Amino acid sequence: LVGSEMCIRDRESLGLSDNRLTAVSLPTIIKFANASSLMHLDLSFNDLHDQGAKAIALHFKHTTVALTFLDLCNCNLLCSDVSVICQNLKTYKNCLDELYLSNNKIASTGAAEICAYLASNMCILSILDVSWNTIGDGGAVEFANVLGQHNKSLVRLNLAANAIYDFGGQRLMDSLGFNTNLREVI
């Protein structure tokens, strides 16, 4: 264990995608991430629901977090999981620039939590991917509200395949006129 800690301490990137990881291994991974200058963490295609999400959220309580890229695509995350992660992101200073949450089970309440983070002073995200979830019109309205009034850091937002219909789509389009930084909406 000591040897592996020394090895990971100098790593900037850790890719653990599609490894059947669960919440059992996350505390150890996060412990090493906290003790390193890790900037890029890919945990996609693992089952990180509940305790895994809590372990990830705890990572952002550390004052020396260097993480700029976090991929949590296809991790079985629910709205409650996204909530706990976003609560810590909007409470503690972080450097997160890219967040990937596609192919999870995020509905409109999860979208509201993400938008609360986007509206916070702690948010510096430039890329956000929440494609292939089920945020629907309710989530689209949440994004429209935050993009039109609060968030000026996002330059790329992926909302593809989210059961957004006319009402939500129209609200999103209306909000884009108030956000000059957002360059790409998918």
Side-chain angles (χ1 to χ4, degrees), residues 15-23 26 40-57 59-60 67-90 94 96-120 122-151 153-176 179 182-186:
L16 295 170
S17 179
D18 204 9
N19 277 295
R20 296 189 175 110
L21 298 175
T22 65
L26 259 291
H40 183 282
L41 181 58
D42 183 352
L43 295 171
S44 61
F45 293 89
N46 290 293
D47 188 3
L48 305 180
H49 166 61
D50 196 35
Q51 294 303 313
K54 289 177 184 170
I56 293 164
H59 174 65
F60 293 102
L67 200 62
T68 60
F69 176 99
L70 180 59
D71 190 339
L72 299 174
C73 294
N74 209 342
C75 288
N76 290 321
L77 298 179
L78 304 175
C79 294
S80 57
D81 301 320
V82 170
S83 176
V84 73
I85 293 169
C86 288
Q87 286 296 323
N88 278 3
L89 282 172
K90 70 181 182 180
N94 63 80
L96 197 58
D97 183 55
E98 297 181 44
L99 179 59
Y100 297 87
L101 296 168
S102 69
N103 283 314
N104 282 292
K105 299 172 184 173
I106 303 169
S108 61
T109 56
E113 293 292 340
I114 294 167
C115 290
Y117 165 55
L118 290 174
S120 75
M122 295 297 180
C123 181
I124 60 166
L125 279 182
S126 64
I127 299 173
L128 175 63
D129 183 348
V130 290
S131 62
W132 292 95
N133 284 285
T134 56
I135 68 165
D137 281 341
V141 169
E142 294 285 346
F143 276 101
N145 290 338
V146 76
L147 292 173
Q149 298 174 11
H150 302 288
N151 181 276
S153 66
L154 275 183
V155 294
R156 182 171 191 263
L157 175 62
N158 189 343
L159 295 172
N162 263 296
I164 298 171
Y165 294 96
D166 291 339
F167 179 74
Q170 289 172 338
R171 291 291 306 273
L172 277 170
M173 292 295 92
D174 290 344
S175 73
L176 295 181
N179 189 317
L182 193 58
R183 299 284 179 233
E184 184 178 0
V185 179
I186 300 171

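Not measured: the values here are computed from a predicted model.
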I'd like to know if the side chain of [X] and the backbone of [Y] have a donor-acceptor N/O pair within less than 3.5 Å.
X      : Y      : answer
Asn104 : Cys75  : yes
Asn76  : Asp47  : no
Asn151 : Leu154 : yes
Asp71  : Ser17  : no
Asn162 : Ile164 : no
Asn158 : Leu128 : no
Asn179 : Leu176 : no
Asp42  : Gly15  : no

Residue pair [X] / [Y]: nearest heavy atoms and the distance that separates them:
X      : Y      : value
Val146 : Cys115 : CG2-O, 3.4 Å
Gly52  : Ala23  : N-CB, 3.2 Å
Ala53  : Asp81  : CB-CB, 3.5 Å

Practice task
Check whether any side-chain heavy atom of Tyr100 sits under 4.5 Å from a side-chain heavy atom of Val130, and report yes or no.
Solution key: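 Counting from C-beta outward, Tyr100 and Val130 never come under 4.5 Å.
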Handout entry: All salt bridge (Lys or Arg N to Asp or Glu O under 4.0 Å) counterparts of Lys54, not counting sequence neighbours
Key =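 Asp50.
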Handout entry: Where at least one partner belongs to residues 96-118, residue pairs that pass salt bridge (charged side-chain N to carboxylate O under 4.0 Å, His left out), sequence neighbours excluded
Key =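 Those involving residues 96-118 do not exist here.
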Handout entry: Residues Ser126 and Ser153: side-chain donor-acceptor under 3.5 angstrom
Key =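 No, no side-chain donor-acceptor contact under 3.5 Å.
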Problem - Point-to-point distance, once rounded to the nearest 0.5 Å, from CG of Asn74 to CG of Leu43 - result: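 Between Asn74 CG and Leu43 CG, I get 12.5 Å after rounding to 0.5 Å.
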Exercise for the section: Fit a plane to each ring of Phe69 and His40, take the angle between them on a 0 to 90° scale, and name the class: parallel (under 30°), tilted (30 to 60°) or perpendicular (over 60°). Expected result: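 Answer is parallel, since the angle falls under 30°.
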